[in-house]
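Here's the structure, in structure tokens; my notes come after.
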Amino acid sequence: MAKSETSSDTARPWQSYHTVYTNAKAGMDGVDKEKVQRIVYEMSKGSKYFENEERKEAFIRQKIETMRARCAKLTATDISHFQMVAEKRILELEAARNLSRIWLHVDMDAFYAAVETLSNPSLAGKPMAVGTMSMISTANYEARKFGVRAAMPGFIARKLCPELIFVPTDFKKYTYYSDLTRKVFQKYDPNFMAASLDEAYLDVTEVCKEKGVTGEEIAKEIRASVFEETGLTCSAGVAANRLLAKVCSDINKPNGQFVLPNNRMAVVTFISSLPIRKIGGIGKVTEHILRDALGINTCEEMLQKGSYICALFSQSTAEFFLSVGLGLGRTDTPEVRLRKSISNERTFSATGDETLLYRKLEEIAEMLSTDMQKEGLCGRTLTLKLKTAAFELRSRAVTLQKHICTSKDILKHASKLLKAELPISLRLIGLRMSHLNEERDGVPLDPTQKTLTHFMVSGDASGKDVDEQRSFGHEAHDISDYFVNKEKSDSFTGSHETRHTHIDHLDSNHSSELNDDNCTFDSNAAEMETVHNPSSDVTADKVQGTSCLNTVTNGANFLEGEAEAVSSSRQRELFLWVNGYKCSICGTEMPPDFVEERQEHCDFHLAENLQKEESGTEFRSSNPRQRVVCKAQIVSQSQRKKRKSSPKEGRHIPIDLFFVKSNQNF
DNA sequence: ATACATACC
DNA sequence: GACTGGTATGTAT
């Protein structure tokens with residue numbers, strides 16, 4: 001069933017960038033896009049906001065130009081080299097394809113708007129939006145017919161649809177209904193992942209097996225159950241991984257579902273004609289860049305232009321793009337995600353009045369402190385976010401010795417940060433605390449640290465209570481997400497499925513990007529969060545001191561005058577991890593998990609070569625030796641990192657505890 | 001560690 | 001009549 005339905009999506013003309021809003025979301029069928037575009041443009045034109053958007057646009061265009069220039073400079077040799085790199089990566093990714101799971105992505109239809117309509121039936125059938133004149137959160141389908149949609153300012157929406165009814169947001173209501181849906185999800189997958197109040201991922205592999213039914217049937221059952229419990233409709237996508245399931249849930253929205261069979265051909269066919277913008281993690285900017293710099297419009301083209309992707313982007317970004325081209329995505333159920341930061345920000349009418357600005361800062365500090373204390377959190381890094389009257393964003397941070405959480409402490413440090421920016425005219429001030437730790441003065445707290453300490457001290461690699469501290473993409477949009485799932489999962493963002501989502505930034509150094517290329521071609525898995533204990537690297541010197549010097553003699557020959565990219569890339573070809581473990585040059589062993597270390601190690605050899613050849617000060621003198629650790633450490637660390645299984649701990653914690661203490665660290 | 005950019009709901 | 005708020009993460013320096 002997969003196939004053709006996709007084409008309908010493909011057909012969408014995404015005459016891109018015109019103005020500010022790009023999205024081609026569902027429910028916009030009979031919309032006169034030309035007209036909408038024109039009105040949006042006219043309503044924005046000349047504003048400070050608009051001017052800032054133009055600046056950003058110009059910057060992106062320049063970035064694209066730079067990339068095109070780099071593409072043009074690639075020689076046939078470069079291209080064939082990167083072609084090989086791409087092919088190798090594609091093979092590796094393909095080899096890891098997992099079609100054994102059945103993932104379901106459930107997405108409530110126009111959630112906020114639907115909930116508001118439930119509580120006020122008179123809104124049914126009328127164009128309505130949840131939000132304010134400044135910003136709309138969600139629009140119902142009647143309003144979408146006019147081009148009104150989420151993330152659009154209310155005053156523009158009203159222009160598009162004069163009859164539009166505005167309803168203020170009421171999170172309590174949404175949370176209540178969200179919880180009802182989650183109770184349903186829990187029955188099908190106790191470890192389901194909430195992506196936000198209105199979205200969730202369920203691994204229904206087991207349920208399907210138990211009940212002897214298909215993913216399609218389960219999806220229908222769940223949707224019916226959700227409707228029964230809430231009176232709200234939702235859409236679902238069923239596929240072998242989360243990335244695909246998410247794309248699928250959007251296809252027959254609203255109140256529909258789409259099943260992509262767990263069959264390689266079906267997946268490949270499905271993904272091939274899919275516009276890249278449909279993929280979670282590929283937004284407006286990335287779409288623009290890939291299209292205008294590389295001519296990539298569909299996922300299939302990600303593979304066709306694999307060589308350019310590998311040549312222009314960082315390793316992680318390239319890998320993400322290639323996996324998208326293959327229709328790969330995550331199939332695991334990550335363990336607990338910890339909140340990484342907590343913040344509060346407010347927009348107000350622009351002012352340069354210092355007294356006013358300080359008053360605002362004070363309010364934000366208080367609100368943030370309240371939120372933190374509500375969750376028993378303390379943080380060590382404070383970041384001040386500012387948006388100038390011209391819409392430019394700035395951030396200023398300080399990392400303290402101690403964790404803080406009182407409004408007094410927060411304000412004290414925030415004031416210093418703000419003072420340094422004066423005079424300035426602002427329209428927004430925000431504060432964010434990160435490097436969080438659970439409060440309680442004397443108590444150790446933070447399970448993460450505790451386990452880490454425990455690990456180092458005891459050398460225990462069993463991961464018994466260590467596990468899961470790794471972090472990938474995830475997030476947790478709402479506090480409520482933490483609740484419901486605390487038991488096990490936690491929330492997860494819906495964004496990057498495969499891995500990184502982000503695009504790198506322009507160009508810039510080849511060298512660094514090129515370096516990524518080969519050094520770690522064998523490392524897919526790893527998510528490095530390499531916990532490195534500086535103090536443990538002491539003995540390292542000798543490990544590498546030895547054999548490293550007799551480097552690659554061959555490599556040196558290429559270092560001459562030509563494109564440095566070429567020479568270094570060729571050199572890299574000589575640099576391999578024997579058996580996926582041992583450096584082919586000096587014999588140092590490093591597990592695939594050590595992505596960063598491997599890169600540095602690779603850099604080191606390259607730098608050595610350069611120095612030998614000429615002066616060479618190219619590469620930064622980071623001594624990989626400091627990164628090389630003795631074998632025992634490597635082994636134990638890698639084991640710890642693998643921490644595949646061993647989720648346990650979470651299960652011993654009573655749910656109530658999470659409510660009381662904010663679950664944060666589990 | 002800090003600053004900035006991108007993404008998603 | 002003037003373009004949100006919260007969180008995460010990648011990249012560069």
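So you know, we letter chains A, B, ... as the sequences are listed, proteins then strands, and number each from 1.
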task: Would you indicate, yes or no, if C:dT7 has its OP1 or OP2 atom less than 4.0 angstrom from a side-chain nitrogen or oxygen of A:S343?
output: yes
Integer-rounded Å distance: B:dA1 C1' and A:Q401 CD: 13 Å
- prompt: Of the nucleotides B:dA3, C:dG5, C:dC3, which has the atom closest to the A:A397 side chain?
  reply: B:dA3
message: Which nucleotide wins on minimum distance to the side chain of A:N344, given the candidates C:dT11, C:dG6, B:dT6?
response: C:dG6
message: At less than 4.0 Å, is any side-chain N or O atom of A:S134 found next to OP1 or OP2 of C:dA2? Yes or no.
response: no
query: Is A:T347 near enough to C:dG5 that one of its side-chain N or O atoms lies under 4.0 angstrom from OP1 or OP2?
result: yes
task: Please say whether the positively charged group of A:R144, taken as NZ for Lys or CZ for Arg, lies over the ring of A:Y141, i.e. under 6.0 angstrom from the six-membered ring centre and within 45 degrees of the axis.
output: yes
message: I'd like to know whether A:Y308 forms a ring pair (Phe, Tyr, Trp, His ring centres under 6.0 Å) with A:F313, so could you lay out the CA-CA distance, the side-chain angles of the two residues, the decisive distance to 0.1 Å, and finally the verdict.
response: CA-CA 8 Å; A:Y308 288 95; A:F313 298 97; over 10 Å; no
field: A:K284 side-chain N/O to B:dC8 phosphate OP1/OP2 under 4.0 Å
entry: no
query: For A:L428 and C:dG6, what is the distance between atoms CG and P respectively, to the nearest whole Å?
result: 9 Å
- prompt: To the side chain of A:T286, which of B:dT2, C:dC3, B:dT6 is closest?
  reply: B:dT6
task: Would you mind reading off the distance between A:I60 atom CD1 and B:dA5 atom C1', rounded to a whole angstrom?
output: 9 Å
message: A quick test of your reading: do over 12 heavy atoms of other residues, nucleotides or ligands sit less than 6.0 Å from NZ of A:K419?
response: no
- line: Note: for A:G283 and A:T381 on DNA chain B, the residue whose nearest nucleotide lies more 5' is A:T381
message: Work out how far the P atom of C:dC3 is from that of B:dC8, and round it to whole angstrom.
response: 23 Å
task: Could you check which of C:dC3, B:dC8, C:dT11 has an atom nearest any side-chain atom of A:R277?
output: B:dC8
message: Check this for me: does the side-chain of A:S44 come within 3.5 Å of the base of C:dC3 through a donor and an acceptor?
response: yes
field: 5′-ward residue of the pair A:K385/A:R427 relative to DNA chain C
entry: A:R427
message: Please verify the inter-ring angle class for A:Y41 with A:F50; under 30° counts as parallel, over 60° as perpendicular, anything in between as tilted.
response: perpendicular
message: Categorize A:L431 for me: base, sugar-phosphate, or nothing, with a 4.0 angstrom heavy-atom threshold over every strand shown.
response: nothing
task: Measure from CZ on A:F320 to P on C:dT11 and round the result to the nearest Å.
output: 12 Å
field: Residue-phosphate contact under 4.0 Å: A:K246 side-chain N/O, B:dC9 OP1/OP2
entry: yes
field: Protein-nucleotide distance (A:D250, atom CG; B:dC9, atom P), rounded to Å
entry: 9 Å
statement: Side-chain contact check for A:S316: nearest option of C:dA8, C:dT4, C:dT11 is C:dT11
- prompt: Taking the side chain of A:R396 as heavy atoms from C-beta outward, which of B:dC4, B:dC9, C:dC3 is closest to it?
  reply: B:dC4
- request: For the side chain of A:S47, starting at C-beta, report the closest nucleotide among B:dT6, C:dC3, C:dG5.
  value: C:dC3
- prompt: Tell me: CD of A:E199 to C1' of B:dC8, nearest whole Å?
  reply: 8 Å
field: Among C:dT4, B:dC9, B:dT2, the nucleotide that comes nearest once only the side chain of A:M135 is considered
entry: C:dT4
query: Does a salt bridge link A:R339 with A:E375, judged by any charged N lying under 4.0 Å from a carboxylate O?
result: yes
query: How close or far is atom P of B:dC8 from atom CD of A:E287, stated in whole angstroms?
result: 10 Å
Enclosure of A:Q62 CD (heavy-atom neighbours >12, cutoff 6.0 Å): no
- request: Report the C-alpha separation of A:Y177 and A:F111 in whole Å, then their side-chain angles, then the decisive distance to 0.1 Å, and conclude whether the ring pair (Phe, Tyr, Trp, His ring centres under 6.0 Å) test is met.
  value: CA-CA 9 Å; A:Y177 281 96; A:F111 190 54; 7.4 Å; no
Nearest to side-chain heavy atoms of A:S341, which nucleotide of C:dC3, B:dC9, C:dA8: C:dA8
Distance in angstrom units between A:R339 CZ and C:dG6 P, rounded: 11 Å
query: Roughly how far apart, to the nearest Å, are C:dA2 and B:dA7 at atom C1'?
result: 25 Å
message: Mind checking if A:I342 touches a base, just sugar-phosphate, or nothing, with heavy atoms under 4.0 Å?
response: sugar-phosphate
query: If you check every side-chain atom of A:R346, which of C:dG6, B:dC9, B:dC4 has the closest atom?
result: C:dG6
field: Sugar-phosphate only, base, or nothing, as touched by A:K48 at under 4.0 Å among non-hydrogen atoms
entry: base
